Asker: 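Following this message is one structure expressed as structure tokens.
All chains are named by letter (A, B, ...) in the order of the sequence lines, taking the proteins before the strands, and each is independently numbered beginning at 1. Since the structure is predicted, the reported quantities are computational estimates derived from the model, not experimental observations.
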There are 2 protein chains.
Amino acid sequence: MHAEERERLILEAVADTGFVSYRALEARLDASPATIRRDLTRLEESGRIQRVHGGAKLPEDEKPDNPRGLAGTPFEQSITQNLPAKQAIGRAAAKLCRPGEGIMIDGGTTTLQMCPYLDGLDMQVLTNSLHIVHALLPQTGTRVLLPSGTVFREQNIVLAPAGEDSMPRFHAPKLFMGAAAVGPQGVMQQDVILVAAERRFMDRAEEVVLLVDSSKFRSSSGAIVCGLDEVDTIVTDAGIPQDMADRLRDLGVKLVVV
Amino acid sequence: MHAEERERLILEAVADTGFVSYRALEARLDASPATIRRDLTRLEESGRIQRVHGGAKLPEDEKPDNPRGLAGTPFEQSITQNLPAKQAIGRAAAKLCRPGEGIMIDGGTTTLQMCPYLDGLDMQVLTNSLHIVHALLPQTGTRVLLPSGTVFREQNIVLAPAGEDSMPRFHAPKLFMGAAAVGPQGVMQQDVILVAAERRFMDRAEEVVLLVDSSKFRSSSGAIVCGLDEVDTIVTDAGIPQDMADRLRDLGVKLVVV
DNA sequence: ACTTTGATGATCGAACGTGATCGTTTTGTA
DNA sequence: TACAAAACGATCACGTTCGATCATCAAAGT
């Protein structure tokens with residue numbers, strides 16, 4: 001039985017009664033537990049089912065978190081682009097963290113998606129993004145730190161003037177960073193404000209982890225943040241072009257593909 | 001029988017007659033007493049039923065403004081207390097500002113009400129309150145600055161460890177400050193976190209403006225921020241007790257009554 | 001024919017849901 | 001008021017489910 005056939009059977013069973021138990025799948029599908037779980041994980045990441053303990057069910061309609069209905073700002077529009085991929089990337093990135101560790105998270109719609117998966121890890125998170133602060137606030141175990149500076153509305157981040165020590169005595173093993181585009185020239189962002197903010201973080205991180213969905217490898221943007229050689233790890237999805245993957249591996253960049 | 005199915009049955013039964021007895025559930029659901037209790041606990045926490053001794057009933061209608069549950073935090077509850085007075089006080093306080101000036105605003109439900117009146121004044125506002133940042137964000141002319149530090153959930157403020165310079169090179173002619181209570185002993189706050197935050201601000205302000213509705217003169221609270229002599233101006237409403245007004249005038253505190 | 005890549009299966013420890021038992025609190029009744 | 005029964009919350013033990021890792025296998029490319 002092939003993957004495609006299993007998927008079809010699972011979706012059929014879920015659509016039928018709204019729920020299938022894990023046991024039922026094990027009986028109906030001639031496959032090992034591990035394979036069934038992988039199928040379920042894949043189907044959940046593409047948003048077609050929702051996993052619960054003991055099985056899977058029809059996905060709830062999206063959260064009514066946005067009462068106005070329309071996503072107004074460019075940021076809010078961008079959140080929904082490639083959302084399943086970003087969630088999967090965020091999840092994989094969160095797995096790179098060790099409980100209790102101190103990390104830095106740069107603002108961005110992809111890095112935002114790793115926040116839910118940090119719950120329970122008791123992390124210490126330094127971020128310049130007010131969106132990320134908001135996302136982490138309900139997690140009582142997570143300590144949230146902010147640098148000082150001016151709030152930049154358009155980018156929704158906090159940034160201090162050049163040369164000012166805006167995050168005293170902070171140093172972290174890992175920096176999780178987003179980007180507008182990634183190409184042979186390096187990592188790019190929309191504007192120089194974001195570049196300045198990210199460079200500030202990079203100075204204080206031992207390891208730079210880049211979170212980008214694969215569409216970013218096919219686009220280009222205005223301001224260069226750093227060269228590819230300054231990135232230690234890239235978390236992305238399977239759509240990454242082969243030549244980029246090869247080039248990155250040659251540069252010694254660790255690739256995590258979800 | 002799975003959790004989801006049990007929940008569905010319980011909600012069905014409650015919606016039917018407005019009440020289900022524990023015994024009825026035990027008969028209808030094939031589950032142990034402990035599991036039923038856990039289901040009820042979960043459903044109550046999400047606000048979908050209300051437990052009573054012996055069973056569960058439909059939840060009392062909540063505040064009309066807040067359809068689903070979350071008026072929970074003390075802060076959000078406190079916003080509506082004496083709201084008209086707080087708005088008037090906020091408006092009067094905003095009048096003390098001169099366009100373009102740099103000011104500091106301490107977190108609190110009264111100081112929050114002065115934010116709308118700052119629009120168009122092109123102020124530079126340093127605040128430690130995320131609520132105030134949020135309120136000022138739509139005002140494109142207002143520059144918002146944040147100190148560095150850890151986010152304290154309960155108080156919704158940013159505060160750095162003692163001795164750390166969390167707001168480099170900032171100095172302001174005025175500090176607008178809230179309080180939990182004001183009495184002969186001085187200005188009081190709920191906890192020492194807030195006291196530390198306000199003392200930090202006071203060190204950098206030339207003039208301290210206190211925003212309190214008159215009910216604060218009749219209450220008391222845990223931690224003392226400063227003596228009355230360290231306050232330069234108090235903005236309050238007409239309900240201020242006469243003896244307090246006299247005492248304050250004797251101390252040279254400027255009183256603004258709205 | 002050999003290596004590489006991707007999918008599958010097996011195993012382990014950890015997390016979760018469930019059921020049973022305890023002592024305590026509330027309710028109803030004598 | 002006093003008492004007994006019911007209901008409650010907390011805790012522990014057990015089985016299941018989960019995710020991660022490693023081993024195995026088949027297909028594709030060299």
Side-chain angles (χ1 to χ4, degrees), chain A residues 1-10 19-46 49-57 87-100 114 116-122 139 141 214 235-246 248-250 254-258, chain B residues 1-10 14 19-46 49-57:
Chain A
M1 178 159 331
H2 289 339
E4 188 153 343
E5 194 173 356
R6 288 197 310 272
E7 281 196 13
R8 194 176 52 75
L9 281 172
I10 294 173
F19 176 82
V20 273
S21 71
Y22 167 77
R23 295 196 158 277
L25 290 176
E26 197 170 13
R28 178 137 28 149
L29 276 53
D30 183 24
S32 72
T35 302
I36 294 177
R37 290 181 200 295
R38 272 187 284 260
D39 288 341
L40 293 178
T41 305
R42 191 153 21 87
L43 286 171
E44 183 181 38
E45 274 167 4
S46 67
I49 63 168
Q50 191 169 336
R51 298 188 68 176
V52 291
H53 197 90
K57 60 168 188 148
Q87 286 173 332
I89 291 168
R91 184 155 156 269
K95 293 224 177 93
L96 300 177
C97 301
R98 290 164 39 180
M114 76 181 284
Y117 301 102
L118 295 177
D119 199 3
L121 294 180
D122 295 335
Q139 303 179 14
S214 61
V235 185
T236 187
D237 60 89
I240 180 176
Q242 190 57 46
D243 57 337
M244 272 305 291
D246 294 339
L248 289 168
R249 268 191 252 271
D250 288 345
K254 190 180 163 205
L255 260 187
V256 178
V257 180
V258 296
Chain B
M1 172 145 354
H2 289 82
E4 182 133 352
E5 194 172 355
R6 288 196 310 271
E7 280 194 14
R8 196 175 50 77
L9 283 171
I10 293 173
V14 173
F19 176 82
V20 272
S21 70
Y22 167 77
R23 295 199 154 276
L25 290 176
E26 196 170 12
R28 179 139 24 151
L29 306 171
D30 183 24
S32 73
T35 300
I36 294 177
R37 288 178 203 296
R38 272 186 285 258
D39 288 341
L40 293 177
T41 305
R42 193 152 22 87
L43 286 171
E44 184 179 38
E45 272 168 5
S46 67
I49 63 168
Q50 192 167 334
R51 296 187 68 176
V52 290
H53 199 89
K57 61 167 186 143

Asker: How long is the gap from CG on L40(A) to CG on L25(A), to the nearest 0.5 Å?
Answerer: 6.0 Å

Asker: Nearest whole angstrom, please: distance from the C1' of dA15(C) to the OH of Y117(A).
Answerer: 17 Å

Asker: Show the nearest heavy-atom pair for residues K57(B) and V52(B), with the distance to one decimal.
Answerer: CE-CG1, 3.9 Å

Asker: Please walk me through it: do I36(B) and R6(B) pass side-chain contact (heavy atoms from CB on, under 4.5 Å)?
Answerer: CA-CA 8 Å; I36(B) 294 177; R6(B) 288 196 310 271; 5.7 Å; no

Asker: How bent is the helix from dA1(C)-dT30(D) to dA30(C)-dT1(D), measuring the angle between the end axes built from five pairs each, rounded to 10°?
Answerer: 20°

Asker: Answer with base, sugar-phosphate or nothing: what part of the nucleic acid does R42(A) contact at a heavy-atom distance below 4.0 Å?
Answerer: nothing

Asker: In whole angstrom, what separates I36(A)'s CD1 from dA7(C)'s C1'?
Answerer: 15 Å

Asker: Does T35(A) have a side-chain nitrogen or oxygen under 4.0 Å from the phosphate oxygens OP1 or OP2 of dG9(C)?
Answerer: yes

Asker: How does protein contact run along nucleotides 8-30 of chain D, one letter per nucleotide 5' to 3', with B for base contact, S for sugar-phosphate only, - for none, heavy atoms under 4.0 Å?
Answerer: BS------SSBSS----------

Asker: Would R37(A) and Y22(A) count as a cation-pi pair here, with the cationic atom under 6.0 angstrom from the ring centre and within 45° of the axis?
Answerer: yes

Asker: What is the distance from CG of D39(A) to P of dG6(C), rounded to the nearest Å?
Answerer: 18 Å

Asker: Would you mind reading off the distance between E4(B) atom CD and dT18(C) atom P, rounded to a whole angstrom?
Answerer: 12 Å

